[in-house]
Amino acid sequence: MTDTPERIQTSEGKSRLIKHFEKSSINNHNEAWTNLWETNNDDMWDRGKPSPALINLIEQRPDILSPITADGRRKKVLIPGCGKGYDVVMLALHGFNATGLEISAKGVATAERYAREEFPSPQSYNFGSSTSRPEKGSVSFIQGDFFADSGEKFDVIYDYTFLCALHPSMRARWAGRMADLLVSGGMLVCLEFPLFKDPRLTGPPWPLQGVYWDLLAEGGDGIVYPPKAGVEDQRDPRTGQFDRMLYVKPEISYESGKGSDMLSVYVRK
Ligand SMILES: C[S@@+](CC[C@H](N)C(=O)[O-])C[C@H]1O[C@@H](n2cnc3c(N)ncnc32)[C@H](O)[C@@H]1O
């Protein structure tokens with residue numbers, strides 16, 4: 001018997017998150033996320049600490065990701081779908097001016113509370129093996145929709161479990177918005193997750209094997225499964241606006257993606 005998505009992902013095998021989104025139309029996904037925050041279900045994705053892979057990149061590869069621009073200005077970083085704000089605080093502790101964006105007002109309030117406590121006396125999990133402590137940058141949070149045009153530009157954007165939170169039909173818009181939000185030469189840093197998940201399965205988290213590359217470098221629509229017949233059919237004017245400058249398996253990452261997460265850095269053309 002062939003393995004159809006229905007056969008490999010039975011109702012019992014579906015997570016609470018998938019079942020929650022199955023009840024909502026794609027146009028109402030913002031409300032569906034907000035509802036999860038309002039009903040205290042944010043434990044479904046919370047990792048409890050900043051990204052060890054991102055900390056290592058900042059501390060070990062300042063040649064790639066430093067907090068200061070060539071003309072001496074502190075870099076502006078955006079973290080869309082920032083959740084409780086762990087990475088926002090960690091980036092500011094490493095010298096960036098970091099902004100977290102959340103669709104949920106309660107999510108923003110939770111992140112602001114975390115930042116108030118964490119920023120003045122940070123726990124050790126914010127740092128890797130480096131003993132140097134740069135001058136701190138700033139922390140801020142905005143409540144809003146990633147897809148709503150703000151006109152603001154950033155030097156760096158970090159995506160972790162944001163693309164995989166979006167319905168596949170939103171992927172080309174995600175890539176176009178990332179390109180709009182970055183200055184020319186700006187960097188999109190992605191901790192790619194989940195790469196281990198069978199592409200036939202549904203989400204969130206939606207499986208992303210090959211998706212970042214297709215969207216950011218190849219100019220595809222990010223729908224890599226089922227495979228399409230003609231490459232030309234996949235071209236989308238909003239995508240393919242980046243060059244990939246780094247693609248590595250991080251030495252350390254969260255338990256949930258250990259051994260399969262990839263860290264990529266894409267540069268806005
Ligand atoms: C899977 S969670 C990941 C949270 C965070 N990156 C983390 O690692 O804890 C996705 C987050 O994106 C937020 N979100 C979803 N759609 C959004 C949108 N259109 N604009 C801004 N935030 C959004 C949700 O509220 C949720 O907190």
Side-chain angles (χ1 to χ4, degrees), residues 15-21 24-55 77-91 98-115 118 125-126 139-150 152 154 156-178 180-181 188-194 197 202-208 211-212 250 253-258 261 263:
S15 66
R16 282 190 291 149
L17 199 54
I18 292 176
K19 287 179 181 165
H20 177 77
F21 278 90
S24 158
S25 82
I26 297 167
N27 292 338
N28 290 331
H29 278 191
N30 285 356
E31 290 73 23
W33 282 107
T34 302
N35 172 271
L36 288 172
W37 279 99
E38 296 296 333
T39 53
N40 299 322
N41 276 303
D42 46 281
D43 63 302
M44 288 188 192
W45 57 84
D46 190 54
R47 304 279 194 255
K49 62 177 184 183
S51 165
L54 182 60
I55 294 170
V77 188
L78 177 70
I79 298 98
C82 66
K84 285 191 184 165
Y86 304 112
D87 291 316
V88 182
V89 170
M90 181 277 289
L91 282 156
T99 301
L101 175 68
E102 252 303 328
I103 195 73
S104 154
K106 185 165 177 206
V108 167
T110 307
E112 284 174 339
R113 194 164 50 246
Y114 170 76
E118 191 68 19
Y125 66 33
N126 285 286
V139 175
S140 60
F141 295 96
I142 299 172
Q143 192 245 318
D145 184 351
F146 171 75
F147 294 102
D149 191 6
S150 62
E152 200 174 350
F154 293 85
V156 180
I157 302 180
Y158 176 60
D159 186 297
Y160 176 63
T161 58
F162 183 57
L163 178 59
C164 75
L166 303 174
H167 189 271
S169 62
M170 300 295 283
R171 287 177 184 165
R173 281 185 67 196
W174 169 92
R177 187 80 189 110
M178 287 295 185
D180 287 348
L181 280 162
L188 173 56
V189 180
C190 306
L191 181 57
E192 303 190 9
F193 169 94
K197 193 169 174 180
T202 57
W206 291 89
L208 290 182
V211 172
Y212 289 89
S253 196
Y254 294 115
E255 213 42 54
S256 51
K258 220 171 174 180
D261 283 355
L263 189 67

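Both ligands and their constituent atoms are indexed starting at 1 by order of listing. Side chains are part of it too, since the values below use all heavy atoms of this structure and drop only hydrogens, waters and symmetry mates. Being a predicted model, the structure only gives us computed values, none of them experimental.
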Practice problem: Check whether any side-chain heavy atom of N35 sits under 4.5 Å from a side-chain heavy atom of H20, and report yes or no. | Solution: yes

Quiz prompt | Contact with ligand 1 for G144, non-hydrogen, under 4.0 angstrom | solution = yes

Practice problem: State, yes or no, whether a side-chain contact exists between L208 and R171 at a heavy-atom distance under 4.5 Å. | Solution: yes

Exercise. For atom 5 (C) of ligand 1, find the nearest protein heavy atom and state the residue, atom name and distance (0.1 Å precision).
Key: G81 O, 3.2 Å

Quiz item: Which protein non-hydrogen atom lies closest to atom 22 (N) of ligand 1, naming both residue and atom, and how far is it?
Solution: I103 N, 3.2 Å

Quiz item: What is the closest protein heavy atom to atom 15 (C) of ligand 1, and at what distance does it sit?
Solution: W33 CD1, 3.4 Å

Quiz item: L91 versus L54: any side-chain heavy-atom pair under 4.5 Å?
Solution: yes

Practice problem: Report the C-alpha distance between W33 and F21 in whole Å, list the side-chain angles of each, state the deciding distance to 0.1 Å, and finish with yes or no for ring pair (Phe, Tyr, Trp, His ring centres under 6.0 Å). | Solution: CA-CA 9 Å; W33 282 107; F21 278 90; 4.8 Å; yes

Self-check item: Ligand-side contact atoms (ligand 1) for residue partner W37, heavy atom cut-off under 4.0 Å
Solution: 25 (O), 26 (C), 27 (O)

Quiz item: For ligand 1, is there an atom lying under 4.0 Å from some heavy atom of E102?
Solution: yes

Quiz item: Counting heavy atoms only, which part of Y86 comes closer than 4.0 Å to ligand 1: side chain, backbone, both or neither?
Solution: neither

Quiz item: Do any heavy atoms of C82 fall under 4.0 Å from ligand 1?
Solution: yes

Quiz prompt | Within-4.5 Å side-chain heavy-atom neighbours: V77 and T99 | solution = no

Quiz prompt | Nearest non-hydrogen protein atom, atom 10 (C) of ligand 1 | solution = T161 O, 3.7 Å

Quiz item: Which bit of F146 gets closer than 4.0 Å to ligand 1, counting heavy atoms only: side chain, backbone, both or neither?
Solution: both

Exercise. Could you tell me which atoms of ligand 1, counted from 1 in the order shown, lie closer than 4.0 angstrom to a heavy atom of D145?
Key: 18 (C), 19 (N), 20 (N)

Quiz item: Quick one: nearest non-hydrogen protein atom to atom 17 (C) of ligand 1, plus distance?
Solution: F162 CE1, 3.6 Å

Quiz item: Identify the closest protein heavy atom to atom 9 (O) of ligand 1: which residue and atom is it, and at what distance?
Solution: W45 CD1, 3.7 Å

Quiz item: Does some side-chain heavy atom of L191 sit less than 4.5 Å from a side-chain heavy atom of S253?
Solution: yes

Quiz item: When you look for heavy atoms under 4.0 Å from ligand 1, do you find them on the side chain of N30, its backbone, both, or neither?
Solution: side chain

Quiz item: Taking C-beta and beyond as the side chain, do V211 and W206 meet within less than 4.5 Å on heavy atoms?
Solution: no

Quiz item: Is atom NZ of K49 surrounded by more than 12 heavy atoms (other residues, nucleotides or ligands) closer than 6.0 Å?
Solution: no

Self-check item: Per-atom contacts, ligand 1 versus Y160 - under 4.0 Å to a heavy atom
Solution: 6 (N), 8 (O)

Quiz item: Looking at Y86, Y160, Y254, which hits side chain to side chain donor-acceptor pair (under 3.5 Å) with R47?
Solution: Y160

Self-check item: Ring centre gap for W37 and W45 strictly below 6.0 Å
Solution: yes

